[in-house]
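Protein chains get the first letters and strands the later ones, always in sequence-line order, with residue 1 at the start of each.
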Amino acid sequence: MAQKFKVELVTPKGVVLNKEVEEVIAPGIMGEFGVLIGHTPMLTFIKPGILSYLENDRFVKYAVGSGFCEVLKDAVNVLVVEAYPAESIDKNEVNEELVRLEREILEVNAVEHPTEYNKLSDSIKVARAKLSIAN
Amino acid sequence: MASLRDIRKRIASVKNTQKITNAMKMVAAAKLRRAEEAIKAGRPFSDKMREVLMSLAARTNPGAHPMLTVGPVKKALLILVTADRGLCGAFNTSLNRRAEAFIKEMKAKGVEVELLTVGRKGNDYFRRRSSTIVHKFSNVMGSVSYELAGDICAAFNERFIAGEHQEVYILYNSFRSAVTQVLTLRRLLPITPEEEGWKPRRAYLYEPSEEELLTALLPRYIQVQVFTGLLDSVASEHGARMTAMEAATSNAKEMIYKLTLKFNRLRQESITTELMEIVGGAEALKG
């Protein structure tokens, strides 16, 4: 069995996950990356997507918002604005939200209001990630 | 001299007030508990953020980003975090007074201060005074979130980067316990790593480059600072209101006690007088 290391997933609303795991796969800004124990210390951004960790040969998934990730020799710290475990997601609710967001984003001019546009597009990505991991 | 009926009315009205203050106290206590939990929940995030930024900012030179550059100051911005509602003791008053003192202080140094108010009370106070309010957020303290902190930051970051303000301060009540709040005035921008006790910690692999990371992380760091300030302010507000309402309730209790005493004495007096009259009348009839 692979050696374990600590992963912490933290949002402004609290610590979502704090566990010893074998592997973490995170959606980095330069592409998805996997971390095993002994990884070179690294600092990178997280884009909205799916973060998962391996525990007992099963991947456990989380839908996460944007943020950043600090990889240390024996720990991974992920700081994101929001994070949802699969079991907390209500598919119908997310579907409704997605429809609303997609309508809203059509009304925002990406050139004139880039921050607002980015915010909405991030929310849409999070919603899609939520949908794809919901069971 | 107040009549019996007047006193009875007074007692009833004070009793009603007491009921209200007592209810407000309970509500504040419940909200305080929730606000305290929010502070606790937010702490790991801000601590981690601080840690990472420490090591990052200390390794880059101050000129790397406008948010780290200290220059001559002509205009400063003060973010004043107050409550939306009153009836919380000296909570808002002390904030407003401190803000006014700060504006005067800065003026003496030749720095003009503009305001960004969060919460209705600060805005109400400074609206009629000479200071400029560049932006206001009213009726937001009921639903403080990380996104709200982001909106506030967006309102001042742009101006700062554009060079309109050379310094940004934040004034709020930080939360110590339900009965003590501490007025806190801090400089948010520019960030000076030495002052905040930052030191390089770890060697990382940066992806993308160090500069790009810094550019994106600094605004987020500020956002976290504003967010914790807001959370503290909310908890302080409820704490202050709870204490104020507690005092009001016990004052009402004391007042009812005194009024009841007065009422009884007056009633006794009138009974005695009536008796005397009856006795006097009977004596006269016997005559």
Side-chain angles (χ1 to χ4, degrees), chain A residues 6-19 26-35 38-48 64-83 101 104 108 112-120 122-123 126, chain B residues 34 36-57 59-60 144-151 153-155 157-158 161 200-221 223-231:
Chain A
K6 207 175 87 165
V7 59
E8 234 179 300
L9 180 58
V10 189
T11 71
K13 287 207 181 90
V15 180
V16 180
L17 168 76
N18 186 354
K19 230 178 195 169
I29 197 132
M30 316 279 279
E32 201 169 67
F33 62 94
V35 180
H39 195 286
T40 314
M42 180 178 83
L43 190 66
T44 191
F45 285 118
I46 298 287
K47 57 182 184 189
V64 296
S66 64
F68 65 93
C69 171
E70 180 194 32
V71 179
L72 304 172
K73 267 217 172 88
D74 51 357
V76 173
N77 295 317
V78 185
L79 276 83
V80 288
V81 289
E82 44 189 347
L101 287 170
E104 267 174 41
V108 179
E112 279 172 32
H113 305 284
T115 31
E116 204 169 316
Y117 185 85
N118 287 341
K119 218 162 123 188
L120 279 172
D122 273 6
S123 305
V126 175
Chain B
R34 233 176 300 146
E36 266 183 286
E37 269 161 29
I39 290 183
K40 243 182 241 149
R43 198 162 290 148
F45 189 80
S46 58
D47 286 353
K48 277 266 151 56
M49 183 72 127
R50 206 184 163 76
E51 231 177 80
V52 170
L53 235 122
M54 261 189 217
S55 57
L56 193 59
R59 287 153 47 85
T60 47
V144 164
S145 65
Y146 192 60
E147 287 77 41
L148 173 67
D151 291 343
C153 289
N157 273 345
E158 240 166 74
I161 299 281
R201 197 177 43 137
R202 299 157 182 148
Y204 288 118
L205 193 72
Y206 294 101
E207 206 176 300
S209 71
E210 214 164 306
E211 280 74 39
E212 270 177 82
L213 271 169
L214 197 63
T215 313
L217 274 184
L218 283 175
R220 284 181 208 200
Y221 175 68
Q223 186 178 0
V224 169
Q225 299 265 296
V226 173
F227 180 58
T228 49
L230 290 178
L231 286 180

- Does B:F45 have its ring centroid less than 6.0 Å away from the ring centroid of B:Y146? yes
- Task: With a 4.5 angstrom heavy-atom cut-off, could you sort out which part of A:I29 is near chain B: side chain, backbone, both or neither?
- Result: side chain
- Task: Look at A:V80, A:V81, A:V15, A:V10 and state which one has the largest set of heavy-atom pairs under 4.5 Å with chain B.
- Result: A:V10
- Region of B:D151 that comes under 4.5 Å of a non-hydrogen atom in chain A: side chain
- Message: So which residue, A:L43, A:V71, A:T40, ends up with the most heavy-atom pairs under 4.5 Å with chain B?
- Response: A:L43
- What residue among A:V7, A:L9, A:L72 forms side chain to side chain contact (heavy atoms under 4.5 Å, CB included) with A:N77? A:L72
- Query: In terms of heavy-atom contacts, does OH of A:Y117 have more than 12 from other residues, nucleotides or ligands at under 6.0 Å?
  - Reply: no
- Item | Contacting moiety of A:E8, where chain B heavy atoms sit under 4.5 Å | side chain
- Task: Please check if atom CD in A:E104 has more than 12 non-hydrogen atoms from other residues, nucleotides or ligands closer than 6.0 Å.
- Result: yes
- Task: Look at A:E70 together with B:K48 and state whether they make a salt bridge at an N to O cut-off of under 4.0 Å.
- Result: no
- Turns out that what part of B:R220 lies under 4.5 Å from chain A's heavy atoms comes down to side chain
